[in-house]
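Atom set for the values below is all heavy atoms of this structure, side chains included, hydrogens, waters and symmetry mates excluded. Nothing here was measured: the structure is a model prediction, and the numbers come from that model.
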Amino acid sequence: VELVLKTGQGAMIAGTTITLLPTSYEQRGLAALFPDATMPAGQSLSLVVNSGGSAIFPFGIVVDNRSQDLTFSPGLR
């Protein structure tokens, strides 16, 4: 699966490729996926997922730094 991290304006920050096995589950933070990327403070980010036609269910979990509340964000197709 190819992953591309972009700014809210569409500029590419970093890219990587990961391998997912059938019926597997992977959960990784942005810092683990893109260890050399500089995350712009105070900006919205987008993660573009290209599975090459394979059926996957991408989603995001956002943690509120103040309350530690979690927000689920399903991937858009």
Side-chain angles (χ1 to χ4, degrees):
V1 176
E2 297 172 348
L3 304 172
V4 177
L5 185 64
K6 295 184 174 188
T7 66
Q9 293 77 31
M12 182 177 164
I13 297 172
T16 193
T17 301
I18 61 171
T19 300
L20 300 176
L21 299 175
T23 69
S24 68
Y25 173 82
E26 289 280 334
Q27 180 176 330
R28 302 181 197 178
L30 289 179
L33 289 168
F34 307 103
D36 298 325
T38 301
M39 304 297 174
Q43 286 194 34
S44 295
L45 301 176
S46 295
L47 184 62
V48 179
V49 179
N50 180 357
S51 65
S54 296
I56 64 171
F57 181 73
F59 64 91
I61 301 292
V62 179
V63 180
D64 183 293
N65 286 337
R66 214 172 254 168
S67 68
Q68 299 301 303
D69 287 341
L70 305 176
T71 302
F72 172 80
S73 180
L76 304 175
R77 299 211 181 260

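As a member of the Ile/Leu/Val/Met/Phe/Trp/Tyr network built from side-chain separations under 4.5 Å, Leu21 groups with nothing else and remains a singleton.
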Give the table of side-chain donor-acceptor pairs shorter than 3.5 Å for residues 6-14, with sequence neighbours excluded, one pair per line with atom names and distance.
from : atom 1 : to    : atom 2 : distance (Å)
Thr7 : OG1    : Gln9  : N      : 3.3
Thr7 : OG1    : Gly10 : N      : 3.4
Thr7 : OG1    : Ala11 : N      : 3.1

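Of the inter-residue distances, the one linking Leu47 atom CG with Leu33 atom CG reads 7.5 Å to the nearest 0.5 angstrom.
Annotation: ring-ring contact (aromatic ring centres under 6.0 Å, His included) contacts of Phe72 (sequence neighbours excluded): Phe59. When the salt bridge (charged side-chain N to carboxylate O under 4.0 Å, His left out) test is applied to Glu26, the partners found at least two apart in sequence or on another chain are Arg28. Qualifying side-chain hydrogen bond (donor to acceptor under 3.5 Å, both in side chains) partners for Asn65, counting only residues two or more places apart in sequence or in other chains: none. Residues that satisfy the side-chain hydrogen bond (donor to acceptor under 3.5 Å, both in side chains) test with Gln27, not counting sequence neighbours, are Tyr25.
Leu45 and Val4 are assigned to two separate hydrophobic clusters, defined by single-linkage of ILVMFWY side chains at heavy-atom distances under 4.5 Å. Taken together through direct or relayed side-chain contacts under 4.5 Å among Ile, Leu, Val, Met, Phe, Trp and Tyr, Val48 and Leu20 form parts of separate hydrophobic clusters. A continuous path of ILVMFWY side-chain contacts below 4.5 Å connects Ile18 to Val49, so both sit in one hydrophobic cluster.
Pairs of residues two or more places apart, or lying in two chains, never qualify as salt bridge (charged side-chain N to carboxylate O under 4.0 Å, His left out) while including a residue from residues 51-70. Among residues at least two apart or in separate chains, there is no side chain to side chain donor-acceptor pair (under 3.5 Å) pair with a member in residues 12-24. Applying the side chain to side chain donor-acceptor pair (under 3.5 Å) rule to pairs touching residues 38-52 yields Glu2-Asn50, sequence neighbours excluded.
For Leu76, the CG atom counts as loosely surrounded, since its 6.0 Å shell holds 12 or fewer non-hydrogen atoms of other residues, nucleotides or ligands.
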